[in-house]
Amino acid sequence: KIGSTLGQQCISKPLIDLLTPGECAHTLGHAIIAARADNVHFCNAGFTSSTKFWTTANMTSKIQHDEKNITHFWGPALAHYCAGGVFMEDYSKQFSHLRLSEIARRCRQKDIPSTAKAACFYYGLRHYWKQLGVNMLTICGRTNNAITASCVFGAASGATILPVYRKDISSTVRLCEQYHPDTVLRRACIDGLVFRADKFFADEIDDICGHFRSAQDRSFCVAVARAGMYSLAKAPILRSYQVDNI
């Protein structure tokens, strides 16, 4: 029953008064493991009942909207945040025995729901940035689709996980800029870079985003970073990790 009721819990009292829906979804992902229901399919079943989604057009302005105005679009975003809680709680079991190339293959497998692939890549790849680096484009690829975007998001997140990596942020930004500006891959790379920024290194957001040469990329970077880690306002970019051609 937990899978079918997750979504309703996170948009209802008393939880809505204590946590944002995104934080609630992530917390429940941890709880799924505690309940020994160690399967991201619970997240997928509990949070994907919504049928209306944003496209990525004009995404920067939409990210800046108040979360209270976007309740119709919460399903895929909350499924993603919930899956993150599952993978974070269960990291050792899922990834500690795998090599980098094996993690990249694991997260592509069909038993990982589309709503959980970006979280899989994020928790699987983020600690491998020293090995990834310039190999990100080879390991993730350049095909403009949802699964590649999920990999790029996860890989790029590693570039800012440690302060020493952020000192060389310009090199990572240049990697992101190798993806075409009109693709979800460029946006995924930016999202990965600043996913944790608002919570852990907010004072560095303007500097990181300022390294992008395009004004559009700089604006998108700041908007994604300032939205916060578990914001529903990022629903359109998260949906593009799950469905092709958005």
Side-chain angles (χ1 to χ4, degrees), residues 26 29-30 33 38 40 43-44 77 79-169 171-179 183-197 199-201 208 221 224-225 229-230 234 237-242:
H26 184 73
H30 284 272
I33 295 298
D38 53 342
V40 288
C43 295
N44 191 57
H80 165 78
Y81 294 139
C82 176
V86 171
F87 283 118
M88 185 176 180
E89 189 72 25
D90 210 29
Y91 176 84
S92 294
K93 178 181 175 181
Q94 296 282 350
F95 304 116
S96 62
H97 61 293
L98 300 178
R99 292 175 294 185
L100 177 58
S101 60
E102 292 173 329
I103 292 172
R105 287 196 297 271
R106 174 72 187 100
C107 294
R108 287 182 167 89
Q109 291 178 359
K110 292 182 178 180
D111 64 314
I112 304 292
S114 62
T115 52
K117 288 189 184 300
C120 182
F121 281 113
Y122 172 73
Y123 285 101
L125 297 179
R126 65 177 184 163
H127 293 295
Y128 284 88
W129 182 250
K130 194 171 181 178
Q131 294 174 244
L132 267 168
V134 296
N135 296 312
M136 178 178 74
L137 280 76
T138 300
I139 290 173
C140 292
R142 293 175 178 265
T143 305
N144 188 38
N145 60 22
I147 196 165
T148 304
S150 295
C151 182
V152 171
F153 163 75
S157 69
T160 51
I161 197 168
L162 295 176
V164 66
Y165 296 161
R166 299 198 295 273
K167 289 181 180 179
D168 190 32
I169 199 64
S171 297
T172 309
V173 167
R174 299 290 87 81
L175 281 177
C176 289
E177 289 178 336
Q178 291 190 44
Y179 289 114
T183 64
V184 67
L185 305 184
R186 175 78 73 93
R187 294 187 290 267
C189 196
I190 296 172
D191 185 28
L193 277 183
V194 295
F195 173 64
R196 301 170 71 253
K199 185 173 182 179
F200 294 105
F201 45 97
I208 292 171
C221 179
V224 170
M229 288 181 69
Y230 303 117
K234 295 192 293 185
I237 184 67
L238 299 178
R239 187 59 175 162
S240 70
Y241 301 157
Q242 302 164 3

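Since the structure is predicted, the reported quantities are computational estimates derived from the model, not experimental observations.
- Legend: residues meeting side-chain contact (heavy atoms from CB on, under 4.5 Å) with C176, ordered by chain and number and at least two apart, are C189, L193, F212.
- Between N144 and T183, the shortest heavy-atom distance links the atoms OD1-CB, 3.2 Å.
- Between the side chain of K117 and the main chain of I112, a donor-acceptor pair closer than 3.5 Å is present.
- At a threshold of 4.5 Å between non-hydrogen side-chain atoms, the residues M88 and H26 count as touching.
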Candidate pair F121 and V152, rule side-chain contact (heavy atoms from CB on, under 4.5 Å), full reasoning: CA-CA 8 Å; F121 281 113; V152 171; over 6 Å; no
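- Going from atom OG of S157 over to atom OH of Y123 covers 9.0 Å, rounded to the nearest 0.5 Å.
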Working for side-chain contact (heavy atoms from CB on, under 4.5 Å), residues L162 and K167: CA-CA 9 Å; L162 295 176; K167 289 181 180 179; over 6 Å; no
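- The shortest distance between side-chain heavy atoms of I237 and V224 does not fall below 4.5 Å.
- The two residues R196 and R126 have their closest heavy-atom pair at NE-NH1, 4.0 Å.
- Applying the side chain to side chain donor-acceptor pair (under 3.5 Å) rule to Y241 yields the partners D191; only residues at least two apart in sequence or on another chain are considered.
- Side-chain contact between F153 and S240 is absent, with no heavy atoms from C-beta onward closer than 4.5 Å.
- In this structure, S114 OG and I147 CD1 are separated by 9.5 Å, a value rounded to the nearest 0.5 Å.
- In this structure, the side chains of Y122 and H80 stay at 4.5 Å or more apart for every pair of heavy atoms.
- Within the 4.5 Å cutoff, side-chain heavy atoms of R187 are placed close to those of V184.
- T148 and G141 get closest at one heavy-atom pair: CG2-O, 3.6 Å.
- In this view, R174 and E177 satisfy the salt bridge (Lys or Arg N to Asp or Glu O under 4.0 Å) rule, not counting sequence neighbours.
- Cysteines C140 and C151 place their SG atoms closer than 2.5 Å to one another.
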Using the rule given for side-chain contact (heavy atoms from CB on, under 4.5 Å), can you reason through I161 versus W129, listing the C-alpha separation, both sets of side-chain angles and the distance that settles it, and then say yes or no? CA-CA 9 Å; I161 197 168; W129 182 250; 5.7 Å; no
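- Of all heavy-atom pairs between L98 and Y128, the closest is O-OH, 3.2 Å.
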Intermediate values then yes/no, side-chain contact (heavy atoms from CB on, under 4.5 Å), Q178 and R142: CA-CA 9 Å; Q178 291 190 44; R142 293 175 178 265; 3.3 Å; yes
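- For the residue pair A159 and T172, the shortest heavy atom distance occurs at CB-CG2, 3.4 Å.
- Side-chain contact check for D111 versus R106: some heavy-atom pair is nearer than 4.5 Å.
- Aromatic ring orientation, F195 versus Y230: perpendicular (interplanar angle above 60°, classes split at 30° and 60°).
- Here the side chains of L175 and L137 are in contact, with some heavy-atom distance below 4.5 Å.
- Nearest heavy-atom pair across M229 and Y81 is O-CE2, 3.2 Å.
- With values rounded to the nearest 0.5 angstrom, L132 atom CG is found 4.5 Å from I139 atom CD1.
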